[in-house]
Amino acid sequence: MPKKSSAPRPSGGSEAGKWRKDAPPIPGPGLVVHPPAVSLVDDGISHLPTLEALASVVRTCTRCRLAETRTHAVPGEGNPAADFMCVGEGPGATEDETGRPFVGAAGQLLDQILGAIDLPRETVFIANIVKCRPPQNRKPLPDEAAACLPYLHRQIALVKPKVLLALGGTAAEHLLGVKKSLGDLRNQVHRYGDIPLVVTYHPAALLRNPNWKKPTWDDVRIARQLLDG
Ligand code: URA
Ligand code: SF4
């Protein structure tokens, strides 16, 4: 990611497109996954008509044990017609307090990353694998992710993004349905149905290990280029 300049930014967005300089080439194809078929009988999720309707169901959902310890469920938010959709792991403490995704320290870093590829946060849609905070920020358990994933599949079907960005191994694993290392999944263009899917590090991991910032900057510039093509 570019260093924050102390110089005032010229107004009028004249830095737009700066991310293109030295952006890596788009890598080859990776895995192909098929979104689950929509069930004919109404399962309470896959026929929800709008993102708002989905969010209100999520806010009172008790389909898994994470309902017992959450303060607020975090359905996700953003541009309902976004071309670019980010998927994280699950709410942390700040998200649980506010009911909004990626608003803590990792969220501020995500905002910077998105801004640097000319996709300010409000232009994208941001969601998570699980909508309720796992205690002590542990990874979601398999049954929790399985219970919650139908919401994410429906959100993707409603937003219809042109590009999906999986933030971290948990998001990648559950979107792609494989247990592979991030190293194995990065630097390929996977497909979720017709939608290209790029995998990168979770912003919280970048806060712990700044060495991952450069590869992340490459990944998000690959994802950003896929929006053009
Ligand atoms: N980490 C995530 O994976 N999701 C959030 O919403 C916040 C932090
Ligand atoms: Fe429902 Fe998902 Fe929250 Fe579990 S994590 S209670 S499935 S919204």
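Counting convention: from 1, in listed order, for ligands and their atoms alike.
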**Request:** Hey, could you give me the CG/CD1 distance between L227 and I117, rounded to the nearest 0.5 Å?
**Result:** 7.5 Å

**N209 CG: over 12 foreign heavy atoms closer than 6.0 Å** = yes

**Request:** Please identify which atoms of ligand 1 are closer than 4.0 Å to at least one heavy atom of G88.
**Result:** 3 (O)

**Request:** Quick one: look up the protein heavy atom nearest atom 4 (Fe) of ligand 2 and list residue, atom name and how far away it is.
**Result:** C64 SG, 2.4 Å

**Prompt:** In ligand 2, which numbered atoms sit nearer than 4.0 Å to a non-hydrogen atom of A67?
**Reply:** 6 (S)

**Request:** Look only at interatomic distance and state if P101 has a nitrogen or oxygen under 3.5 Å from any nitrogen or oxygen of ligand 1.
**Result:** no

**For H202, atoms of ligand 1 separated by under 4.0 Å from a heavy atom** = 1 (N), 2 (C), 3 (O)

**Asked** Is any NZ, NE, NH1 or NH2 atom of the basic residue among R100 and E77 found under 4.0 Å from an Asp or Glu carboxylate oxygen of the other?
**Response** yes

**Prompt:** At a 4.0 Å cut-off, with the gap strictly under it, does some heavy atom of R65 reach an atom of ligand 2?
**Reply:** no

**Prompt:** Which residue owns the protein heavy atom closest to atom 8 (C) of ligand 1, what's the atom, and how far is it?
**Reply:** F102 CE2, 3.7 Å

**Request:** Measure the CG-CG distance between L66 and L141 for me, rounded to the nearest 0.5 Å.
**Result:** 7.5 Å

**Request:** Using the rule that two of Ile, Leu, Val, Met, Phe, Trp, Tyr join whenever any of their side-chain heavy atoms come within less than 4.5 Å, decide whether L167 and F125 are in one cluster.
**Result:** yes

**Asked** What are the atoms of ligand 1, with element, lying closer than 4.0 Å to any heavy atom of E89?
**Response** 2 (C), 3 (O)

**Asked** Nearest protein heavy atom to atom 1 (Fe) of ligand 2, by residue and atom, and its distance?
**Response** C61 SG, 2.3 Å

**Item:** Option passing side-chain hydrogen bond (donor to acceptor under 3.5 Å, both in side chains) with K131 (candidates Q155, H72, E95, E144)
**Value:** Q155

**Nearest non-hydrogen protein atom, atom 2 (Fe) of ligand 2** = C148 SG, 2.3 Å

**C132 near atom 2 (Fe) of ligand 2: N/O/S under 2.8 Å** = no

**Item:** Contact with ligand 1 for N128, non-hydrogen, under 4.0 angstrom
**Value:** yes

**Prompt:** What's the shortest heavy-atom distance between P91 and R133, and which atoms?
**Reply:** O-CG, 3.2 Å

**Request:** Decide yes or no for K162 and L226: does some side-chain heavy atom of the first lie under 4.5 Å from some side-chain heavy atom of the second?
**Result:** no

**Asked** Would you say ligand 1 has an N or O under 3.5 Å from any N or O of G92?
**Response** no

**Item:** atom 2 (C) of ligand 1: nearest protein contact (heavy atom, Å)
**Value:** G90 O, 3.0 Å

**Message:** Measuring from atom OG1 of T50 to atom CZ of R154, what distance do you get when rounded to the nearest 0.5 angstrom?
**Reply:** 9.0 Å

**Asked** Could you give the distance from CZ (F102) to SG (C86), rounded to the nearest 0.5 Å?
**Response** 7.5 Å

**Message:** Using a 4.0 Å cutoff against the non-hydrogen atoms of R70, which atoms of ligand 2 qualify?
**Reply:** 3 (Fe), 6 (S)

**Asked** Regarding T71 and D96, is there a side-chain donor-to-acceptor distance under 3.5 Å anywhere?
**Response** yes

**Asked** So, does R100 sit close enough to ligand 1 that a heavy atom of it is under 4.0 Å from the ligand?
**Response** no

**Asked** Which one holds for E95 and ligand 1: side chain close, backbone close, both close, or neither close, with close meaning a heavy atom under 4.0 Å?
**Response** side chain

**Request:** Could you tell me if any non-hydrogen atom of G107 lies under 4.0 Å from any atom of ligand 1?
**Result:** no

